[in-house]
Amino acid sequence: MLTLYPQPLTAEAFAPYGDVIETADRDFFMINNGSTQRFHRLANVQLGAPGDQGIISIFRAQALKMPLAIKMLERHPLGSQAFIPLKQKPFLLLVAEPGENPQPSAIKAFITDGSQGVNYHRGVWHHPILCCVDEDDFLVVDRQGEGNNCDEFFFAEGAEILLDPGK
Ligand SMILES: NC(=O)N[C@@H](O)C(=O)O
Ligand code: NI
């Protein structure tokens with residue numbers, strides 16, 4: 001049995017998987033006649049082909065019972081996918097670096113601090129959104145275009161992988 005215990009999310013630790021969207025310790029410049037701080041270009045929207053569009057959606061997620069048996073990961077080969085929390089609640093991340101079949105030993109687990117969002121880079125394996133409260137809303141920025149942009153990988157039956165947030 002492999003048990004995954006989430007570590008606090010940091011931009012450095014998440015760098016192999018994408019960007020952390022946050023304002024803490026980030027550069028900004030003043031706009032709007034000095035009334036607004038612009039934390040500019042915290043992440044890029046990655047698109048796969050000419051004609052692709054970056055789109056904005058809202059995901060309303062229901063919490064899954066924890067500890068959770070992890071059966072699969074998915075990836076979006078043609079574009080990035082960003083999740084920005086709308087209720088300032090922490091949420092859980094499971095990621096593995098791009099490549100063919102993700103190995104259980106390569107999975108990293110993180111928990112956000114409630115203010116952080118993430119932008120998965122294209123091809124990064126991740127678990128579908130995992131919120132920590134009964135119902136949570138996320139602003140999602142990802143790619144719309146031709147072709148399949150969601151590959152799913154299911155772990156072997158015997159691969160017992162558990163996500164345990166611990167509290
Ligand atoms: N399928 C879908 O739009 N959502 C997933 O990509 C996810 O990462 O939650
Ligand atoms: Ni996804």
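Ligands are counted one by one from 1 in listed order, and the atoms in each one are counted from 1 as well. Since we're looking at a predicted model, the values are computed, not measured.
- Checking Tyr120 against the Ni ion (ligand 2), every N/O/S atom stays at or beyond the 2.8 Å cut-off.
- Between Arg60 and Asp137 there is a salt bridge, with a side-chain nitrogen of the basic residue lying less than 4.0 Å from a carboxylate oxygen of the acidic one.
- Atom 3 (O) of ligand 1 has its closest protein heavy atom at Phe59 CZ, 3.4 Å.
- Contacts between Phe83 and ligand 1, counted as non-hydrogen atom pairs separated by less than 4.0 Å, involve the side chain only.
- Under a 4.0 Å N-O distance rule, the pair Glu160/Lys71 does not qualify as a salt bridge.
- Taking the six-membered ring for Trp and the full ring otherwise, the centers of Phe39 and Phe28 sit less than 6.0 Å from each other.
- Ring geometry, Phe83 versus Phe91: the interplanar angle falls from 30° to 60°, so the pair is classed tilted.
- Listed by number with element, the atoms of ligand 1 under 4.0 Å from a non-hydrogen atom of Pro128 are 7 (C), 8 (O), 9 (O).
- When the N, O or S atoms of Glu74 are ranked by distance to the Ni ion (ligand 2), OE2 comes first.
- Set against the non-hydrogen atoms of Ile129, the atoms of ligand 1 under 4.0 Å away are 7 (C), 9 (O).
- Close placement of the Phe29 and His40 rings is indicated, their centers lying within 6.0 Å of each other.
- Summary: NE2 is the N/O/S atom of His126 found nearest to the Ni ion (ligand 2).
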For this session: Tell me, with the steps shown, if Lys89 and Glu135 meet salt bridge (charged side-chain N to carboxylate O under 4.0 Å, His left out).
Result: CA-CA 10 Å; Lys89 301 292 184 190; Glu135 182 172 274; over 6 Å; no

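- Between Phe14 and Phe110, the angle of the ring planes goes over 60°, which puts this pair in the perpendicular group of the 30/60° scheme.
- Atom numbering of ligand 1 starts at 1 in the shown order; those under 4.0 Å from a heavy atom of His76 are 6 (O).
- At least one N/O-N/O distance between His126 and ligand 1 falls below 3.5 Å.
- Residue Cys150: no N/O/S atom is found under 2.8 Å from the Ni ion (ligand 2).
- Salt-bridge check for Lys87 with Asp136: failed, with every basic side-chain N at 4.0 Å or more from each acidic carboxylate O.
- By heavy-atom distance, the residue among Arg75, Glu152, Glu74 lying nearest atom 6 (O) of ligand 1 is Glu74.
- Between His127 and ligand 1, no pair of N/O atoms sits closer than 3.5 Å.
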